[in-house]
Amino acid sequence: MSTVTHSENTWQTLCATADLVANSGVVALLGDQQVALFYLPETEQQVFAIGNCDPKSGANVIGRGIVGHLQGELVIASPLYKQHYRLRDGGCLEYPELNLPVWPVRLNGEQVEVALS
């Protein structure tokens with residue numbers, strides 16, 4: 001799992017908050033990596049940043065997945081093989097060996113920012 005730590009983060013703007021769609025995903029580039037941003041305004045964290053590349057298929061489709069709750073976890077279901085990834089840490093419920101990278105993310109005024117190490 002490739003979670004970025006919170007110590008000494010540098011924050012980078014990925015998009016404007018107006019680019020987000022409630023209860024859905026949008027995809028932005030962070031360097032050469034695609035990041036799926038999920039805006040869930042009714043949750044405590046509100047925004048999640050997770051890798052867009054589905055490790056089972058290799059396709060960049062996670063941003064098109066369906067958000068839900070499964071086994072007490074907030075998850076995104078991959079649109080291809082329907083495996084579920086926890087938004088908090090990128091772990092796959094069905095295949096523990098599969099993980100998506102996640103980044104700390106925040107809303108800063110009108111900007112969506114992710115933390116870099």
Side-chain angles (χ1 to χ4, degrees):
M1 185 168 12
S2 54
T3 303
V4 178
T5 62
H6 287 281
S7 62
E8 300 182 29
N9 287 332
T10 300
W11 293 91
Q12 179 174 325
T13 300
L14 278 188
C15 64
T17 56
D19 296 325
L20 299 176
V21 178
N23 302 306
S24 187
V26 299
V27 178
L29 279 177
L30 178 63
D32 61 355
Q33 190 163 16
Q34 293 186 22
V35 177
L37 298 168
F38 291 92
Y39 177 46
L40 308 175
E42 296 179 14
T43 64
E44 184 179 339
Q45 186 171 329
Q46 292 194 334
V47 181
F48 296 85
I50 193 163
N52 192 44
C53 185
D54 178 351
K56 189 158 177 67
S57 69
N60 289 312
V61 295
I62 297 299
R64 295 180 180 217
I66 297 172
V67 176
H69 287 89
L70 190 61
Q71 299 175 5
E73 297 280 356
L74 189 56
V75 297
I76 183 68
S78 173
L80 295 179
Y81 295 114
K82 312 300 186 230
Q83 68 275 20
H84 300 89
Y85 295 93
R86 291 183 300 267
L87 287 173
R88 69 176 168 83
D89 67 4
C92 181
L93 298 181
E94 293 82 6
Y95 303 97
E97 69 277 8
L98 298 179
N99 291 287
L100 293 172
V102 295
W103 293 265
V105 62
R106 68 182 182 190
L107 298 176
N108 186 11
E110 298 297 315
Q111 302 299 312
V112 178
E113 300 176 337
V114 296
L116 307 174
S117 54

Measure across [X] and [Y] and return the closest heavy-atom pair with its distance rounded to 0.1 Å.
X: L70; Y: V75; value: CB-CG2, 4.1 Å
X: C92; Y: Y85; value: CB-CE2, 3.5 Å
X: A49; Y: V105; value: N-CG1, 3.8 Å
X: Y81; Y: K56; value: CD1-CG, 3.8 Å
X: V102; Y: G90; value: CG1-N, 3.6 Å
X: H84; Y: A77; value: CD2-CB, 3.6 Å

Is there a side-chain contact between [X] and [Y] (heavy atoms, below 4.5 Å)?
X: P79; Y: I66; answer: no
X: I62; Y: I50; answer: yes
X: I76; Y: F48; answer: no
X: Q46; Y: L40; answer: no

Worksheet item: For E97, does the CD atom sit with more than 12 other heavy atoms under 6.0 Å from it, leaving out its own atoms?
Response: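 Counting other residues, nucleotides and ligands, CD of E97 exceeds 12 neighbours.
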Practice prompt. Take atom CZ of R106 as the centre, draw a 6.0 Å sphere, and report whether it contains more than 12 heavy atoms from other residues, nucleotides or ligands.
Written response: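 Atom CZ in R106 is packed in, count exceeds 12.
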Is there a path of hydrophobic side-chain contacts, each under 4.5 Å between heavy atoms of I/L/V/M/F/W/Y residues, joining [Y] to [X]?
X: V35; Y: L20; result: yes
X: L100; Y: V67; result: yes
X: L116; Y: L107; result: yes
X: L87; Y: Y95; result: yes
X: W103; Y: Y39; result: yes

Worksheet entry | Set of side chain to side chain donor-acceptor pair (under 3.5 Å) partners for Q34, sequence neighbours left out |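 Applying side chain to side chain donor-acceptor pair (under 3.5 Å) to Q34 gives N52.
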Worksheet item: Short question: side chain of D89, backbone of G91 - any donor-acceptor pair under 3.5 Å?
Response: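 Side chain of D89 to backbone of G91, a donor-acceptor pair under 3.5 Å: yes, one is there.
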Worksheet item: Checking Q33 side chain against G51 main chain: does a donor-acceptor pair fall under 3.5 Å?
Response: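 Between the backbone of G51 and the side chain of Q33 there is no qualifying donor-acceptor contact (under 3.5 Å).
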Fill in: Atom pair CG (L74) and CZ (F38), whose distance is rounded to the nearest 0.5 Å
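Answer for the CG-CZ pair, L74 versus F38, is 10.0 Å.
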Worksheet item: Roughly how far, to the nearest 0.5 Å, is the CD atom of E113 from the SG atom of C15?
Response: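 The SG atom of C15 sits 10.5 Å away from the CD atom of E113.
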Discussion item. If you apply the rule side-chain contact (heavy atoms from CB on, under 4.5 Å), what do you find for D19 with V26, and how did you get there?
Written reply: CA-CA 8 Å; D19 296 325; V26 299; 5.5 Å; no
Discussion item. Side chains of D54 and Q83 only: does a donor on one sit below 3.5 Å from an acceptor on the other?
Written reply: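 Checked: D54/Q83 side chains pair up, N/O donor to acceptor below 3.5 Å.
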